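The sequence lines fix the lettering, A, B, ..., with proteins before strands; numbering per chain opens at 1. Just so it is clear, the model here is predicted, and its values are computed rather than measured.
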Amino acid sequence: MTAMVTHEKLSMAQTLNRALRDAMTDDPTVLVFGEDVGPLGGVFRITDGLTAEFGETRCFDTPLAESGIVGLAVGMAMNGMRPVVEMQFDAFAYPAFEQIISHVAKMRNRTRGRVTLPMVIRVPYAGGIGGVEHHCDSSEAYYAHTPGLQVVTPATPADAYTLLRAAIADPDPVIFLEPKKLYWSKDEVALPDTGAPGIGTAVVRREGTDATLIAYGPSVPVALETAAVAAQEGRSLQVIDLRSIVPFDDATVCDAVRATGRAVVITESAGFAGVSAEIAARVTERCFTSLAAPVRRVTGFDIPYPPPKYEHLQLPGVDRVLDAVDDLAWEQ
Amino acid sequence: MTAMVTHEKLSMAQTLNRALRDAMTDDPTVLVFGEDVGPLGGVFRITDGLTAEFGETRCFDTPLAESGIVGLAVGMAMNGMRPVVEMQFDAFAYPAFEQIISHVAKMRNRTRGRVTLPMVIRVPYAGGIGGVEHHCDSSEAYYAHTPGLQVVTPATPADAYTLLRAAIADPDPVIFLEPKKLYWSKDEVALPDTGAPGIGTAVVRREGTDATLIAYGPSVPVALETAAVAAQEGRSLQVIDLRSIVPFDDATVCDAVRATGRAVVITESAGFAGVSAEIAARVTERCFTSLAAPVRRVTGFDIPYPPPKYEHLQLPGVDRVLDAVDDLAWEQ
Amino acid sequence: MSLLPSDTPVTLMDLEKPPEDDVLLRSLQHLITARRINDQAYALVRQGRLAVYPSSHGQEACQVAAAQVLEPGDWLFPTYRDTVAAVVKGVDPVEALSLLKGDWHCGYDPREHHVAPHTTPLATQLPHAVGVAHAARLRGEPTVAMAICGDGGTSEGDFHEALNFAAVFHAPVVFFVQNNEYAISVPLARQTAAPSLAHKGVGYGIPGQRVDGNDMPALLSVLGAAVERARSGGGPQLIEAHTYRMQAHTNADDASRYRPESDVAAWVDRDPIVRLRSYLTERGVLTDAIEAAFAEEAARVAEHLREGIDQDLKINFQDLFAYVYSTPTTQLEEQAAVVADELSREAAP
Amino acid sequence: MSLLPSDTPVTLMDLEKPPEDDVLLRSLQHLITARRINDQAYALVRQGRLAVYPSSHGQEACQVAAAQVLEPGDWLFPTYRDTVAAVVKGVDPVEALSLLKGDWHCGYDPREHHVAPHTTPLATQLPHAVGVAHAARLRGEPTVAMAICGDGGTSEGDFHEALNFAAVFHAPVVFFVQNNEYAISVPLARQTAAPSLAHKGVGYGIPGQRVDGNDMPALLSVLGAAVERARSGGGPQLIEAHTYRMQAHTNADDASRYRPESDVAAWVDRDPIVRLRSYLTERGVLTDAIEAAFAEEAARVAEHLREGIDQDLKINFQDLFAYVYSTPTTQLEEQAAVVADELSREAAP
Ligand SMILES: Cc1ncc(C[n+]2csc(CCOP(=O)(O)OP(=O)(O)O)c2C)c(N)n1
Ligand SMILES: Cc1ncc(C[n+]2csc(CCOP(=O)(O)OP(=O)(O)O)c2C)c(N)n1
Ligand SMILES: [Mg+2]
Ligand SMILES: [Mg+2]
């Protein structure tokens, strides 16, 4: 983590808003559009004030149609703009799936680099906010499995700023997943230079020597909390925040696991064929001889996201992670 | 494999057609619809003759709209029918993604079992046929990661028949993935009772003692061919055909790997966060102490499916699988 | 034909053949109960007993009409905003609101009253309605499907595909667009450049009609005729009702960010209940006694709602795993065992 | 206004102001070359030198007109069937066909002639056209986007969303529907119950027009006017050209399974080339010498195509990994190394 003296206590919602504002100020081709992002400022207020400040050609509401929104962004990116679009909630990005998979992810490749798509698709995702059905999906695996997309997800207000600025500046498309439950979490942040690294780099959020917890987005605070509890019980857990799912930072993750010899991967999404499976598989492939125990996964169950009153049972929590840590063949 | 005396040499396309015909004969609520499935019989002729035999209320063409097709099927399934719909190619199922993820997969759960959807979505998938872009996607991970879907894929004409019949008879939705390149592969098959097991069961396609190759759909023949070559080199490779990705047959797979102590997973799809990652991760979780080497994955690269003249480089082939087998720490 | 008067919104249309008085009295009773449910639910949210409520306050005439014109065997496809329509079709309001209480997603049995689970992903219920109607038609049943969506929902691809499928298959569906002028903060002008949403029928070969969405007799007449046309082989119908969202999108929304209060005020006079009440009073069929009975019934329903919502939820962790498939997979059984083990250790002293 | 004569398809429309003769001569030249490309490509498939070819044989007037009415700065959005339109807009036919030869997906540089990569997922290119046009408009550029789709494509959700976005943003897009009566085997009647596809404009507030798709002067006139309306701030336009797919969907298709040859025969007389040729001959502007020159030019292009397609492909495995991202990820570098290693071992003695 950055040792820089910070200047303001800001929520992730605020730093995301600042990132959009600063990017729009610096580059007139940056445009923001989607559903309710204009005068309302987005249902999470991430685009608050942008229409007022930059006018409604720079930040505007579209008709209610996600495939149209992403398709419009593709066309605008083909013609000199840097669109940043908002999908209102995770599950409401699904109508845009064909545009994302067949065009956003592939345009550069199918034109042999002649047409590039500098665009960002912002998706508030995951649960923990007591939301009703279709408002809490963890959809990262769909994107992460699709070659040609970059998939990024911040866990801190500082990362939110730096990663969103990097995503907007990137020549290629980025799926930018915002953990809804962290929108209101605050932190001291220095802007615009937070000191955070860019896309593709994982960071060690907490040092530890006994085992490595690997997490991203909404699961990072769970990992940190678990490490704090474990420390009281005499166990030293290291916490890695991936920040970027694609590209994946093999070096940081594998160095960490080789040092501790044990790992638990934590994700909110359903486990089966999810990002947690990829992490477990690749860490095992690369660190097998260093592993004292198989990499354990603590994930959402393989069920549709449950109703609000049941979500505490679905979400990986400290106790469930501690159970997994306990399972890591300590008797050896 | 079944020891039954077989009666006919049939291609997978033919047994799929037979399965549809027999299901429609047995159950008047079974309907087939999609694009070009009527008089044309489907671009792969899987629905050949059904309109002629059952009339155009039982097998019919729809307007060209995949979300509409799947949505129509949901409604018909809600009202007493058993629709079997065809997506013309893998990538052309993406427009139906929202319907599949938010409705097909969730209807039973969100209505606490009061509304069930007995429906099958047939998707010709994967490559190896020299197809142009959007005609060779391996899309199984998107479905397999989605709780509430069953994901099935046959590798033999017999399995094609039995699994499709089982899928149609199932009370819950099934994504039925048909490996395009195997449509024309023939085998002796006894119909209707092929002796093949139903959904959820993996089978050992070839016995072997040194290592286990785990494959499904289009990769099964690759695994078998590899095992044949390896046998000549003195290595005994066991081949498992998953048949059903969801539900996953942990027992068969893990028993096999525990016995050989080594495993290679083969899939055509991009490796990152794909089904191969899940298999590697869960086999490792469950068989860690039996493993002499990390489970290796041989998969498509993490690139959009390449042009026809390049596909031989992308597809897992015998040599690449043999290389992976060679890597399984034999010196131990 | 349009039944939307352009300049006299506070009176009712002169209908050639208005609905019978007893039908309209039943409508008024429903309207009064509907308003009461809307306001009660809103209050429950303020008290923290419901998580959120997308109210149909001001749109009750659309809600009541959509259900009142249906036969028991007909299907209703509601959105998140159409709780009251579901209730008029027969669903217990407590069950209809259990989703918003945080209990299991669809609180009612859709098959009991032929009310589909209320749908949130916009316009995705429309193809389902076509499927239900087409299946019924194949079996020779006289079922009609009433599929509701909002003005915003008309922009989604599924709206297009559903209307087109219905037209091509000549399915007995009435597509009922409640145009309340807003999709959350986005006004109709950002949703379409067409002269009306009813014009969208033209591109599918579906007859489209506009109607004043706050005029109960006109709604019954237009929707009733549409249902009968659909039932008798006339194919799908598109009806746009022009109404207004009197409150914020949900209580979580702040409408002052995007529309002035004065806009809302202009619609107060067009309140569907006031208009129907004065019509029936003028006709001399609405007495104080009847009004009192309606109010009492509405109060009873509100009380039932309060009590039902107040019931403590019994959380059963098994429910998480029980309904994903008809037979749980071994994977789900293993996962259920994890939770069972956790809970038993928590419960242990 | 419709420029589609209902009963006199073999003559041309009487236009008030037909295109100038020199424009039409250029059209004829393009038509002759276009036909030649179609037939050459078809032959190359039969010879196994192209994998597949969705021919626009019979639809060449649509192809030529769509490109001929555009300025160099305007964008064309073709489907898989619109190779010839791309060529008229400037793309080298060898490059345009490299996808179907099995070489890299998009054989040409879309930015060079403002021709988007031909799109296979139906209707998905339409929102892109809206985006390109809207971006140009925001920058004050006079660009128009010509977005082509088929009759089948109009049923997709993206068609709806694109037209609606274009209308709401008043984007300078001409949506050009080539109604060739079939979507593979599915006839128009299964695609829509609307009186015409041009009627689909009504639901978006977009003017829709029908035109005889085999009448070159009418197409130039209608499409040209649409482009100019779009360019001068008139917003999006929808044009349906009624034409016919004379051959199977692609050579891999067997049209005899779903349509009788006699249907096709009825369209032979309406051939757009024959009709334009006789018109120009009657007007006395088409001489034998000009015809000979056109034929020579077409032969030259066909030869260029044959030679280009005959070139052996140089497969460079690095290309697999080079264009996924602007900077390859470490994962892709590792994967490229796997292939490099395999190839080097194969090459080793
Ligand atoms: C596919 C999809 N995209 C976005 C949303 C988020 N959302 C919920 S309601 C709403 C506005 C809908 O407006 P309208 O259709 O007019 O219905 P109303 O709320 O006015 O009744 C939006 C954008 C959603 N539910 N589904
Ligand atoms: C989304 C999608 N679904 C299905 C297909 C498969 N497909 C390719 S062409 C075609 C028919 C298209 O018909 P139409 O739009 O009329 O164009 P035409 O081929 O007649 O030019 C179909 C179904 C596709 N390319 N994309
Ligand atoms: Mg609305
Ligand atoms: Mg066509």
Here the gap from C/Glu334 atom CD to A/Asp302 atom CG, rounded to the nearest 0.5 Å, amounts to 10.0 Å
If one checks every heavy atom of C/Ile315 against chain A at 4.5 Å, the contacting part turns out to be both
Value for CZ (A/Arg320) from CG (C/Asp341), rounded to nearest 0.5 Å, stands at 10.5 Å
When the 4.5 angstrom heavy-atom criterion is applied to C/Leu332 and chain A, the contacting part is side chain
Close side-chain approach of C/Tyr323 to A/Ile303, heavy-atom, < 4.5 Å
no
Contact between A/Leu40 and C/Asp253 at the side-chain level, heavy atoms closer than 4.5 Å - yes or no? yes
The interface call for C/Val186 against chain A, heavy-atom contacts under 4.5 Å, is both
Applying a strict 4.5 Å limit to non-hydrogen atoms, the region of A/Glu66 in contact with chain C is both
Taken to the nearest 0.5 Å, the spacing of A/His134 NE2 from C/His105 NE2 works out to 7.5 Å
| query | Does the pair A/Val132 and C/Lys101 meet the rule for a side-chain contact (heavy atoms from CB on, under 4.5 Å), with working shown? | reply | CA-CA 9 Å; A/Val132 295; C/Lys101 183 184 171 185; over 6 Å; no
* To do: Using modelled atom types only, decide if a donor and an acceptor are shared between the side chain of A/Asp36 and the backbone of C/Ser185 within a distance under 3.5 Å.
  => yes
Report task. With the side chain counted from C-beta on, respond yes when A/Asp323 and C/Glu342 share a heavy-atom pair under 4.5 Å apart, and no when they do not. Result -> yes
Whatever's closer than 4.5 Å to a heavy atom in chain A on C/Ala51 counts as neither
_For C/Asp312, is there an ion pair with A/Lys309 - N to carboxylate O distance below 4.0 angstrom?_
no
Under 4.5 Å to a heavy atom of chain C? For A/Phe301 that would be both
Q) Counting N and O atoms only, with roles assigned by atom type, does the side chain of C/Arg257 sit under 3.5 Å from a partner on the main chain of A/Gly41, one being a donor and the other an acceptor? A) no
So CD of A/Gln88 and CD1 of C/Ile184: to nearest 0.5 Å the spacing works out to 4.0 Å
Under 4.5 Å to a heavy atom of chain A? For C/Asp319 that would be side chain
Does some side-chain heavy atom of C/Leu99 sit less than 4.5 Å from a side-chain heavy atom of A/Pro307? no
Q | Side chain to side chain, C/Thr120 and A/His135, heavy atoms closer than 4.5 Å | A | yes
Value for OG1 (C/Thr154) from CG (A/Leu64), rounded to nearest 0.5 Å, stands at 8.5 Å
Rounded to the nearest 0.5 Å, the OH atom of A/Tyr310 sits from the CH2 atom of C/Trp104 at a distance of 6.0 Å
